[in-house]
Engineer: 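Below is one structure. I have some questions about it.
Hydrogens, waters and symmetry mates play no part in the numbers below; they use all other heavy atoms, side chains included. So that the names make sense, note that chain A is the first sequence line, chain B the second, and so on, each numbered from 1.
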2 protein chains.
Amino acid sequence: MNTQTPPVDRHERRKLETRSRIENAAYLLFSENGIEATSIEMICEAADVARRTFYSHFPNKQAVIGELGISRLYSQAEPMLAMLMEGHATTRQQLDGMIEYIETRFAAYQEVDRQLMISAPARFTSDPQQQGKISSDAIGAFARMIAAGQEKGDARTECSPEILATMIVGTLTTMTTNWAIDPTYPIFSKLEEARLLFQLIVCVDSPEPE
Amino acid sequence: MNTQTPPVDRHERRKLETRSRIENAAYLLFSENGIEATSIEMICEAADVARRTFYSHFPNKQAVIGELGISRLYSQAEPMLAMLMEGHATTRQQLDGMIEYIETRFAAYQEVDRQLMISAPARFTSDPQQQGKISSDAIGAFARMIAAGQEKGDARTECSPEILATMIVGTLTTMTTNWAIDPTYPIFSKLEEARLLFQLIVCVDSPEPE
DNA sequence: GCTCAACCGCGCATAATTGCACAGTTGTAT
DNA sequence: ATACAACTGTGCAATTATGCGCGGTTGAGC
């Protein structure tokens, strides 16, 4: 079982750095000034990139907004899960660690994060292939964690890793979207419910005593 | 009285970033492995730059060594002094702050810093114009501080700011070189002597009571 | 002595970024 | 309505970084 990441050459790395620079600058300015009041000019100045460069990465401001929204919805599952699998022995502990991590992120989110998440679907509208890819990347990461658990004997084997992973990703994404749309959505208690649900469905070891 | 720094465009900034990346990587590798055992290949890998790029910045490894040596000898006087002039009201206080700053740097220096400083003169041999420029940049920065003191009335006016600045730069460079050559050189007590000397020669206010 | 790996230095074509200037749009002030 | 500032989106030439591969050197192993 190996992660299928293609080798990235320096051209690609430099390009990703520049893109990151733009996204980080945009996020900071959106936080400070609001999304509407932030211009592409301002982003380029803060990122210290040419406007010409901005347009080689993104077709318009909306595209950056969407990209930032997606990164909040999909939590960059792969690096997180690789880390959790490394540091936790059982699938149950990994799911625990994952919920802790997600709770930490929610504690840190601001209003602008909500706005960005609400904008994410528009990104998918302009580039529908992207949705499939991001969704399948996230599901793939969870599936690998569950498959490892099945090999260890502490995860349910009646269902495929893919369907279990899809359940996890789908549940989390829905809850996140609900929170973005409705500020009164009780995300932390819902995450605790999700923790119980996921462990009930996925884990076949007996729960550890409190 | 204004600092004469030409505007730097993004091309220049990107270039300087890359150059910095190379120098910082080199410094770290020199610290870890020693100067001799560090190859250009290793520096490029650590800096994540192409070897072709290394050669567009430096003709060979010796050039990086020399550059790092010079930066240790000449302490980037201009930003430091601008900061000191901003944060301290009198010339005496600025000289105090400068000596504190230099002492802090010496406390942090390692063996590799000594080796780099010893190598600095070789850099001047391969590019003699550079010595004049760096030396005059450092002297210029000190001269501006002293000229400001003369206008304020707390620095000696019988001598020009340039000659007083030359004395300061020359003394500090000599002491630094002595320390690089001889590890037993008592640099901290010498710096305290230099503090007294500079304030005796430059300042015309009465020393503040301890 | 020969072979090989590691490294050096460099020519050259390609990739990514940059700066510039143009045409167009929008909002504000007169 | 007109003028202007601020911003957007884009074509294009110049700059910087990159990858590649070549010829050369050096040291180690056989």
Engineer: Any side-chain N or O of A:Ser56 below 4.0 angstrom from OP1/OP2 of C:dT17?
Structural biologist: yes
Engineer: Could you state the atom-to-atom distance from CD of B:Glu36 to P of D:dG27 in whole Å?
Structural biologist: 12 Å
Engineer: Using whole Å, what does the distance between atom C1' of nucleotide D:dA17 and atom CZ of A:Arg14 come to?
Structural biologist: 8 Å
Engineer: Which is more 5' along DNA chain C, the nucleotide nearest B:Arg13 or the one nearest A:His11? Just name the residue.
Structural biologist: A:His11
Engineer: OP1 or OP2 of D:dG19 sitting under 4.0 Å from any side-chain N/O of A:Arg10?
Structural biologist: yes
Engineer: What is the nucleic acid contact for B:Ser39, judged by heavy atoms within less than 4.0 Å: base, sugar-phosphate only, or nothing?
Structural biologist: sugar-phosphate
Engineer: State whether the number of non-hydrogen atoms from other residues, nucleotides or ligands found under 6.0 Å of A:Glu100 atom CD is greater than 12.
Structural biologist: yes
Engineer: Near B:Glu193 CD, under 6.0 Å, is it more than 12 heavy atoms from other residues, nucleotides or ligands?
Structural biologist: yes
Engineer: One thing to verify: whether A:Asp154 and A:Arg92 come together as a salt bridge, which I'm taking to mean a side-chain N less than 4.0 angstrom from a carboxylate O.
Structural biologist: no
Engineer: Side-chain donor or acceptor of A:Arg52 under 3.5 Å from a matching atom on the base of D:dG11?
Structural biologist: yes
Engineer: Charged N to carboxylate O below 4.0 Å: is that the case for B:Arg21 and A:Glu17?
Structural biologist: yes
Engineer: Tell me whether the OP1 or OP2 atom of C:dT18 has a side-chain N or O from A:Arg51 closer than 4.0 Å.
Structural biologist: no
Engineer: Considering every strand and a 4.0 Å limit on heavy-atom distances, what is the contact class for B:Glu41: base, sugar-phosphate, or nothing?
Structural biologist: sugar-phosphate
Engineer: Is the B:Phe188 ring parallel, tilted or perpendicular to the B:Phe106 ring (thresholds 30°, 60°)?
Structural biologist: perpendicular
Engineer: In this structure, how many angstroms lie between the C1' atom of C:dT17 and the CD atom of A:Glu45, rounded?
Structural biologist: 18 Å
Engineer: Take the protein atom CZ of B:Phe54 and the nucleotide atom C1' of C:dC7, then report the distance between them rounded to whole Å.
Structural biologist: 13 Å
Engineer: Within this structure, what is the OH-to-P distance between B:Tyr55 and C:dC12, rounded to whole angstrom?
Structural biologist: 18 Å
Engineer: Any side-chain N or O of A:Thr18 less than 4.0 Å from the OP1 or OP2 oxygen of C:dT17?
Structural biologist: yes
Engineer: Is A:His57 near enough to C:dA16 that one of its side-chain N or O atoms lies under 4.0 angstrom from OP1 or OP2?
Structural biologist: no
Engineer: Give the rounded distance in Å between these two atoms: CG of A:Asp9 and P of C:dA15.
Structural biologist: 11 Å
Engineer: How long is the line joining CD of A:Glu12 and C1' of D:dG19, in whole Å?
Structural biologist: 14 Å
